[in-house]
Colleague: 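Okay, here's the structure, questions in a sec.
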Amino acid sequence: MSETAAQRTTPGTDLTITSSDFTKIHFTHEQIQARLAEIGAQIDSDYAANPPLFVGVLKGAVMAMADLQRNVTLPIETDWMAVSSYGSGTKSSGVVRILKDLEADLLGRDVLIVEDIIDSGLTLSWLLSNLKSRGAKSVEICTILRKPEAAKVTIDVKYVGFDISNDFVVGYGLDYAERYRNLPFIAVLAPHVYSE
Ligand code: XMP
Ligand code: MG
């Protein structure tokens, strides 16, 4: 069995990749943090009058929620939702199930959904209409990654970390069959891992 990641030092420092599970590191920890600092400042200015409720989509957005919120100075609130549109494979099923619902009442709230990645957009488009139907005043999206070539529906996304091509990526919350979420960087998964 191959090692998942890397020879670890402290988070944020360079890691020596020894694994053949990845073809390349797409975004380093430092690149992700720099982008989140920019987005955090933008959120501070956009929502100054009405601090939003951050809705993190489990499990992929855990890292993004933690790091993004540390870059926001407004008195925001936090809630979590878990939905499923993927099995353990790499293709969207288009079928969305709520695995864990919100605790917050959305009536009249400004909601900011925080996602790990927008692929086909099917999950987000379902989530958008679901949260709007609960009476939120506004529902906007922040995603770390977006794959424009994979879009099957058009979604208005307020904050995008990075646009990427159609490669399957892991790390920084993103998994393949629940593995690799703990990587502090985002890497392209080698095809041999999911064709095995
Ligand atoms: P859709 O297609 O509905 O899918 O926009 C969004 C969800 O699919 C997962 N996803 C990925 N997960 N690497 C991953 O680890 C990827 O490259 C990838 N592309 C899509 C993810 O759970 C996301 O929330
Ligand atoms: Mg996933």
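Heavy atoms only: backbone and side chains are in, while hydrogens, waters and symmetry mates are out. Just so you know, ligand 1 is whichever comes first in the structure, and atom 1 is the first atom listed for that ligand.
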Colleague: At a 4.0 Å threshold, what atoms of ligand 1 neighbour a non-hydrogen atom of Ser120?
Modeller: 1 (P), 2 (O), 3 (O), 5 (O)
Colleague: Under the side chain to side chain contact (heavy atoms under 4.5 Å, CB included) criterion, do Leu145 and Ile186 qualify, and how do the steps go?
Modeller: CA-CA 10 Å; Leu145 299 175; Ile186 294 169; 3.9 Å; yes
Colleague: Is Ile117 near ligand 1, meaning one of its heavy atoms is under 4.0 Å from it?
Modeller: yes
Colleague: So, Lys24 and Asp167, do they make that salt bridge, N to O below 4.0 Å?
Modeller: no
Colleague: Show which atoms of ligand 1 fall inside a sub-4.0 Å distance from at least one heavy-atom site of Asp175.
Modeller: 14 (C), 15 (O)
Colleague: Any chance you could measure Asn166, atom CG, to Asp119, atom CG, to the nearest 0.5 Å?
Modeller: 6.5 Å
Colleague: With a 4.0 Å cut-off, would you call Arg134 and Asp101 a salt bridge?
Modeller: yes
Colleague: For Tyr176, is at least one N or O under 3.5 Å away from an N or O on ligand 1?
Modeller: no
Colleague: At under 4.0 Å between heavy atoms, which part of Lys147 makes contact with ligand 1: side chain, backbone, both or neither?
Modeller: side chain
Colleague: Hey, which atoms in ligand 1 end up nearer than 4.0 Å to a heavy atom of Thr123?
Modeller: 1 (P), 3 (O), 4 (O), 6 (C)
Colleague: Any donor-acceptor pair under 3.5 Å linking the side-chain atoms of Asp21 with those of Tyr180?
Modeller: yes
Colleague: At under 4.0 Å between heavy atoms, which part of Leu189 makes contact with ligand 1: side chain, backbone, both or neither?
Modeller: neither
Colleague: Is the closest heavy-atom distance from Gly121 to ligand 1 below 4.0 Å?
Modeller: yes
Colleague: Against heavy atoms of Glu115, which atoms of ligand 1 measure under 4.0 Å?
Modeller: 24 (O)
Colleague: Rounded to the nearest 0.5 Å, how far does CG of Leu112 lie from CG of Leu68?
Modeller: 7.5 Å
Colleague: For ligand 1, which is the ligand I care about here, please tell me if Val169 has any N or O atom under 3.5 Å from one of the ligand's N or O atoms.
Modeller: yes
Colleague: For Phe27 together with Phe162, are the ring centres under 6.0 Å from each other?
Modeller: yes
